[in-house]
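If you're wondering where the values come from, they're calculated on a predicted model, not measured in any experiment.
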Amino acid sequence: MGIVSIEDELHEQVRRASKVSFRSINAQAAYWIKIGMLCETNPALSFTQIIERERSSAGVSAPPLAETRHDEAA
């Protein structure tokens with residue numbers, strides 16, 4: 001394992017994002033690095049397509065949410 005030097009502001013953004021995502025700071029940075037690499041190496045795919053492909057390859061599936069009409073939500 002190596003050490004990566006990043007700007008203080010980027011580290012602060014990783015720290016904040018890690019709290020929202022319930023990940024450690026290192027796990028958040030690793031996630032962003034992996035997704036960034038996948039986006040760069042697959043420029044024809046959207047972020048959503050990349051995430052769907054990764055979930056599928058990991059055997060993760062979630063049923064689609066039922067749509068709620070705005071007049072029914074109230």
Side-chain angles (χ1 to χ4, degrees):
M1 176 190 309
I3 296 176
V4 177
S5 178
I6 61 173
E7 297 174 359
D8 290 341
E9 181 56 32
L10 181 55
H11 185 271
E12 181 62 19
Q13 292 298 318
V14 173
R15 185 186 66 74
R16 290 178 183 174
S18 71
K19 288 183 178 184
V20 173
S21 303
F22 302 100
R23 296 182 179 110
S24 69
I25 293 173
N26 286 345
Q28 182 67 38
Y31 173 76
W32 279 356
I33 290 167
K34 181 176 181 175
I35 295 302
M37 182 182 67
L38 290 170
C39 288
E40 280 191 357
T41 57
N42 297 281
L45 298 177
S46 70
F47 172 79
T48 302
Q49 290 169 319
I50 289 171
I51 295 299
E52 287 174 359
R53 186 183 76 171
E54 291 299 299
R55 284 187 182 136
S56 177
S57 69
V60 175
S61 63
L65 296 174
E67 289 189 37
T68 303
R69 293 186 2 213
H70 291 285
D71 57 341
E72 292 177 354

Working for side-chain contact (heavy atoms from CB on, under 4.5 Å), residues Asn26 and Val14: CA-CA 8 Å; Asn26 286 345; Val14 173; over 6 Å; no
Distance, nearest 0.5 Å, that separates CD1 of Ile50 from NZ of Lys34: 11.0 Å
Spacing of Asp8 atom CG and Gln13 atom CD [to the nearest 0.5 Å]: 12.0 Å
Separation of Trp32 CH2 from Arg23 CZ (nearest 0.5 Å): 9.5 Å
Ser24 to Ser18 - nearest heavy-atom pair and separation: O-CB, 3.6 Å
Short N-O contact, Glu52 and Arg55, less than 4.0 angstrom: no
Straight-line distance of Cys39 SG to Ile51 CD1, nearest 0.5 Å: 7.5 Å
Donor-acceptor pair, side chain of Glu40 and main chain of Met37, under 3.5 angstrom: no
Verdict with reasoning, Val60 to Glu54, per side-chain contact (heavy atoms from CB on, under 4.5 Å): CA-CA 9 Å; Val60 175; Glu54 291 299 299; over 6 Å; no
Nearest-0.5 Å distance that lies between atom CD1 in Ile33 and atom CG in Leu38: 12.0 Å
Side-chain heavy-atom pair Asn42, Arg53 within 4.5 angstrom cut-off: yes
Heavy-atom pair with the smallest gap, counting every atom of Gln49 and Ala44: OE1-O, 4.1 Å
Hydrophobic cluster identity match, Tyr31 and Phe22, side-chain contacts under 4.5 Å: no
